Amino acid sequence: DAGVTQSPTHLIKTRGQQVTLRCSPISGHKSVSWYQQVLGQGPQFIFQYYEKEERGRGNFPDRFSARQFPNYSSELNVNALLLGDSALYLCASSLEGEETQYFGPGTRLLVL
Amino acid sequence: DAKTTQPPSMDCAEGRAANLPCNHSTISGNEYVYWYRQIHSQGPQYIIHGLKNNETNEMASLIITEDRKSSTLILPHATLRDTAVYYCIVRSYNAGNMLTFGGGTRLMVKP
């Protein structure tokens, strides 16, 4: 079975631009969570979506937004990019909202 | 969720057991102990989790003390591919699905 997939794998943007990252959960999983991992640190929780509704939000500015589609895939959008947004963005899926999470390989974003 | 304390780094000889400790002295009765690992530049990989009983799967064993204030992840026969950062996380299911990652333990398996 395919695991969590994310696209693109790498991305380079400039300050002020907007970016959309995509995630497809494991088949049958209904919940998707997003994390940001800055170099040298552990992942930080951004959002959780379950059945297309936001179930949790971490301490991130409103420039970060997300949504989940009827097929349970998800997009993370970041507006007005800052240099500090350079990070590995991780998506994790779980069966329901509170089960064990399984992570994808991540999207590495570089903001210049 | 309760905070965890892990040693920043550990070494282990290839073929030997790797025992990774974690302190979670403020853990609550409904909080689970989860272990993930992250090999360089990859997404975190789920290893094992438990509530109060010891658990074993094909990857590792999890030993939780009776008072639940600490736990140990055991990799029975470490290989070079087990070199990674290992994260011990405590979470409760009624707090949503957020995982709070600390600094983890960087395990280096040496030949």
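Below, all heavy atoms of this structure are taken into account, side chains as well, without hydrogens, waters or symmetry copies. Order of the sequence lines fixes the chain letters, A, B, ..., with proteins taken first and strands second; residue numbering starts at 1 for each chain. This structure is a prediction, so every number in the text was calculated from the model and none was measured.
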Q: Mind checking the CD-OH spacing from A:Q101 to B:Y34? Nearest 0.5 Å is all I need.
A: 8.5 Å
Q) Do B:Y36 side-chain atoms and A:F103 backbone N/O form a donor-acceptor pair below 3.5 Å? A)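 Checked: no pair found.
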Decide whether [X] and [Y] are clustered together by the hydrophobic rule: side chain heavy atoms of Ile, Leu, Val, Met, Phe, Trp, Tyr closer than 4.5 Å, transitively.
{"X": "A:L76", "Y": "B:M98", "result": "no"}
{"X": "B:I64", "Y": "B:M59", "result": "yes"}
{"X": "B:I74", "Y": "B:Y32", "result": "no"}
{"X": "B:L73", "Y": "B:L80", "result": "yes"}

Q: Please look at A:P43 and chain B and tell me whether the side chain, the backbone, both or neither of the residue comes under 4.5 angstrom of a heavy atom of that chain.
A: both
Q. For A:Q37, is it the side chain, the backbone, both, or neither that has a heavy atom closer than 4.5 Å to a heavy atom of chain B?
A.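 For A:Q37, the contact with chain B is made by the side chain alone.
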Q | Closest contact, heavy atoms only, A:L90 versus B:Q38 | A | CD1-NE2, 4.4 Å
Q.
Looking at every non-hydrogen atom in both residues, tell me the closest pair between B:Y46 and A:T100 and how far apart they are.
A. CD1-CG2, 3.4 Å
Q.
Under 4.5 Å side-chain heavy-atom separation, chaining through any Ile, Leu, Val, Met, Phe, Trp or Tyr, what else clusters with A:L112? Say none if it is isolated.
A. A:I12, A:L110
